[in-house]
Amino acid sequence: MENQSRAIKILPDAGMVLAGLHRSGFQAYVVGGCVRDALLGMTPHDWDICTDARPDQVQRIFGKNHCIPTGIQHGTVTVHAGASFLEVTTFRTESGYSDGRHPDSVSFIRDVREDLARRDFTVNAMAYNDEEGLIDPFGGMVDLLNHRVIRAVGIPAERFHEDALRIMRLYRFAARLEFAIDPATEKAALELAPALCHVSAERIREELVKTILTRVPSRYLPKVILREILPELAADGDADFRAVMALLDASPAGQSQRLAALFSRLSGEESPEEKARRVLRRLRFSNEETDAVTGLVRHLAEESASGGLPQRVQARRLLGDLGLEGAENLIGLWAAKRTCAGRTDAADGPDRVGELDALIRQMAASRECVSLKQLAIGGRDLMQEYPQARGPVLGRTLNRLLDDVICERVPNRREALLEEAGKILSVPQPPA
Ligand code: ATP
Ligand code: MG
């Protein structure tokens, strides 16, 4: 295939940076993911640039004011050009990832082909500029457009040995592009899976999340790999594992939802929620994401939309516990769970879930009382009226009142709530 017949329409801001480097006598190309995506006819989300200019030279050419020294030691300067921030990285070779994040040492080099040789897969190891066309020493374009295969650059076992994260990346790119995996590459990946234990949790997390957000993740998450990164997942036998994978595929492709599906059946002694929390913490998810996912796992374990509760009460409980977005996410997961189970019974069918969904939206819009902060009285009101209500008693009483409002036993009005509080407090309280 002829190089020039595959012209890539470079983002104009990236084109300006290439031109700036070329004018100063340096080589420069767009490289990696943007070349791959552009050749596939997709819009790249960022345009990475590689050059033989060293970081200090890049900064001199574009001026310090337009440069962010993102990773100078590794050769990366972020250049602000037009409306874009573009990563410009000096051609390099690298060795060792003993901290699991960065190569131990990098050496800057002059040859773009050598830079491409350090990259992970043939489809990611192409560079391009308008003057020279496509630089494709490893047959990336044929793998991308003809074979539709992810294949390691060089000897697969060596490449995975250098950086085991590439094992996760292999499945991530295969899943995203829905490509086959080159057999020799896959064989090495499966054999070297135990090396994933040397990779930092953050790097694993990032690849795992990207993989589970694809269309059919179960096809690209072999048990051997998952066992290395999530031992709790595959411990309870094949049936459980298959059920988790089926739910993963069926669930809506939101990050919290897919994570809740993946972590819905972990082995261990604690509650499903606690088990999920432990794994989320180990993978260093943010507190916010951890809470969102564990909230979904907590309710996912409940049967489903009926749960034996009146719908209005259930709607308020979910809204109070998960918020609107969380409650909607849960409903999507319940629907996925039903699809997996092939259930169509009317009491629990799509209509009931649809009704619950509508009810939750309407309650959120009309700001119905579903949480303590919406209760018509607060701790201070309660203490003024009943000085004996303090410490843990105070919190317990407010929660009882909230539950009374949610279950429609008491209206959410000051007088009614204070009267009800009197009744609650007149009963001897258990010791704090
Ligand atoms: P995405 O569209 O998901 O960002 P990408 O190909 O840009 O895909 P990045 O993780 O952003 O992926 O990496 C950019 C490029 O750097 C890759 O295309 C690849 O050439 C190279 N690369 C990244 N990580 C590695 C690695 N661990 N080993 C070898 N090469 C890598
Ligand atoms: Mg990228």
Side-chain angles (χ1 to χ4, degrees), residues 8 10-11 14 29-51 70-71 74-76 78 84-106 109 112-128 134-141 143-144 150-179 185 188-189 192 195-196 198-200 202-215 217 220 255:
I8 287 178
I10 297 175
L11 178 81
Y29 306 86
V30 291
V31 68
C34 62
V35 177
R36 177 196 67 221
D37 291 348
L39 286 173
L40 282 172
M42 305 182 345
T43 308
H45 56 80
D46 36 41
W47 291 81
D48 294 332
I49 290 165
C50 63
T51 177
T70 314
H74 306 110
T76 303
T78 299
S84 311
F85 289 88
L86 299 154
E87 285 201 354
V88 179
T89 303
T90 309
F91 299 155
R92 65 181 199 213
T93 58
E94 50 193 41
S95 57
Y97 280 78
S98 55
D99 73 345
R101 275 200 148 271
H102 303 296
D104 293 337
S105 68
V106 308
I109 49 178
V112 64
R113 285 175 168 74
E114 242 188 289
D115 180 86
L116 293 174
R118 72 160 167 100
R119 292 171 186 269
D120 45 10
F121 306 111
T122 61
V123 297
N124 286 346
M126 293 180 274
Y128 175 89
L134 194 66
I135 313 290
D136 178 21
F138 307 103
M141 189 165 77
D143 280 349
L144 186 71
I150 309 293
R151 184 195 315 273
V153 169
I155 299 164
E158 282 179 11
R159 306 313 311 285
F160 294 136
H161 193 74
E162 282 167 11
D163 178 11
L165 184 75
R166 290 171 188 154
I167 297 169
M168 298 290 300
R169 292 173 58 85
L170 171 67
Y171 291 101
R172 193 250 284 190
F173 288 114
R176 181 173 142 213
L177 301 170
E178 300 192 10
F179 273 22
T185 304
L192 287 169
L196 279 167
H198 301 304
V199 179
S200 75
E202 289 86 349
R203 294 179 85 208
I204 298 235
R205 178 194 65 216
E206 247 170 72
E207 298 297 331
L208 178 67
V209 163
K210 287 179 177 168
T211 308
I212 62 172
L213 290 179
T214 59
R215 198 176 63 91
Y220 304 93
Q255 180 167 317

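Atoms within a ligand are numbered from 1 in the order they appear, just like the ligands themselves.
For atom 3 (O) of ligand 1, the candidate residues are K210, H45, R172; the nearest heavy-atom contact is made by R172.
Close approach to F173 involves these atoms of ligand 1, each under 4.0 Å from a residue heavy atom: 6 (O), 8 (O), 12 (O). For ligand 1, the atoms lying closer than 4.0 Å to a non-hydrogen atom of G33 are 5 (P), 6 (O), 7 (O), 18 (O). Atom numbering of ligand 1 starts at 1 in the shown order; those under 4.0 Å from a heavy atom of G32 are 18 (O).
When only interatomic distances are considered, the shortest N/O to N/O separation between R119 and ligand 1 falls below 3.5 Å. For a threshold of 3.5 Å applied to N or O pairs, the pair formed by R159 and ligand 1 contains no separation below that value. Here's the thing with D46: none of its N/O atoms is less than 3.5 angstrom from an N/O atom of ligand 1.
Under 4.0 angstrom from ligand 1, the non-hydrogen atoms of R36 all belong to its side chain. Residue contacts with ligand 1 for D163 involve side-chain atoms from C-beta outward but no N, CA, C or O (heavy atoms, distance under 4.0 Å). Counting heavy atoms closer than 4.0 Å to ligand 1, residue F121 contributes nothing at all.
Minimum heavy-atom separation, C34 to V30: SG-CB, 3.8 Å.
Evaluation of the salt bridge (charged side-chain N to carboxylate O under 4.0 Å, His left out) rule for D48 yields no partner, not counting sequence neighbours. Scored by the salt bridge (charged side-chain N to carboxylate O under 4.0 Å, His left out) test, E178 finds R215 as partners (sequence neighbours excluded).
Side-chain atoms of T185 come within 3.5 Å of backbone N or O of A152 as a donor-acceptor pair. Remark: side-chain polar atoms of D115 are paired, donor with acceptor, to backbone N or O of R92 under 3.5 angstrom.
Salt bridge E162/R159: present, at least one basic N to carboxylate O contact under 4.0 Å. At a threshold of 4.0 Å, the pair R151-D143 counts as salt-bridged, since one of the basic side-chain nitrogens sits closer than that to a carboxylate oxygen.
Within the structure, the closest approach of E162 to ligand 1 does not fall below 4.0 Å when heavy atoms are considered. Heavy-atom distances between L165 and ligand 1 stay at or above 4.0 Å for every pair.
Other residues, nucleotides and ligands contribute over 12 non-hydrogen atoms within 6.0 Å of the CG atom of L40.
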